[in-house]
Amino acid sequence: MALQRGEVEWRVLPVAASVFTELRRVMGDEAYERDKLRLQDFLCAYFSVGVCTDRQGNSIAPMKSTATGQGGKCLKVRWATPGSGKSGGLRLAVVAYCDQKLVKIAGAWHRREDPSDDDFFSAASDA
């Protein structure tokens, strides 16, 4: 059975929150809410097919990290926001706690910022 977004607790950590606040301002409330739900559905579909160890094309890449120390699985997620073009959008550091059905968006960067693996690991360590 597929995991539904309402079954998951979603948290955006402070480091990522400023990027999402800016995105909401640029997109407007309605478009932002639609895109947020689309992202949640996309992640739920990924979680429903496995244990967060497989890549999903160029969109989701599990990262081998013990940064969370609490059983969370670290994922590097590419998310194209509406109107951002093929190379635009966001790069997200997502930590999934599968047993608790908890997802923390630990970091968020605009694609042009080109975050390094160390940026992702640092964000995940705060989750």
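All values below were derived from every heavy atom in this structure, side-chain atoms included, with hydrogens, water molecules and symmetry-related copies excluded. Residue numbers start at 1 and run along the sequence shown.
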Any non-hydrogen side-chain atom of [X] less than 4.5 Å from a side-chain atom of [Y]?
X: V26; Y: T81; result: no
X: F120; Y: R91; result: yes
X: D119; Y: S116; result: yes
X: K104; Y: Y97; result: yes
X: Q56; Y: F42; result: yes
X: K36; Y: F20; result: no
X: K73; Y: C98; result: yes
X: Y46; Y: S59; result: no

If you measure from [atom1] on [X] to [atom2] on [Y], what distance do you get to the nearest 0.5 Å?
X: L90; Y: H110; atom1: CG; atom2: NE2; result: 6.5 Å
X: R34; Y: M27; atom1: CZ; atom2: CE; result: 7.5 Å
X: M63; Y: L75; atom1: CE; atom2: CG; result: 9.5 Å

Please determine whether a side-chain nitrogen of the Lys or Arg among R38 and D41 lies less than 4.0 Å from a carboxylate oxygen of the Asp or Glu.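 Salt bridge flag = no for D41 with R38.
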Within 6.0 Å of CD in E9, more than 12 heavy atoms from elsewhere: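 Counting other residues, nucleotides and ligands, CD of E9 exceeds 12 neighbours.
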The test is side chain to side chain contact (heavy atoms under 4.5 Å, CB included); show your working for K101 and L3 and say whether it passes. CA-CA 9 Å; K101 294 185 179 175; L3 184 64; 4.1 Å; yes
Transitive ILVMFWY side-chain link L13 to L43, under 4.5 Å: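 Each belongs to a different hydrophobic cluster.
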Is there a path of hydrophobic side-chain contacts, each under 4.5 Å between heavy atoms of I/L/V/M/F/W/Y residues, joining V15 to V95?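 Different clusters.
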Evaluate side chain to side chain contact (heavy atoms under 4.5 Å, CB included) for D118 paired with F121, printing each intermediate quantity in order. CA-CA 5 Å; D118 287 341; F121 292 137; 4.3 Å; yes
Check K76 against D117 and note the closest heavy-atom contact, atom names and distance.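 That would be NZ-OD1, 2.7 Å.
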Minimum-distance pair of heavy atoms, taken over all atoms of A106 and A123: CB-O, 3.3 Å
The test is side chain to side chain contact (heavy atoms under 4.5 Å, CB included); show your working for L102 and R11 and say whether it passes. CA-CA 8 Å; L102 169 63; R11 294 186 195 163; 3.8 Å; yes
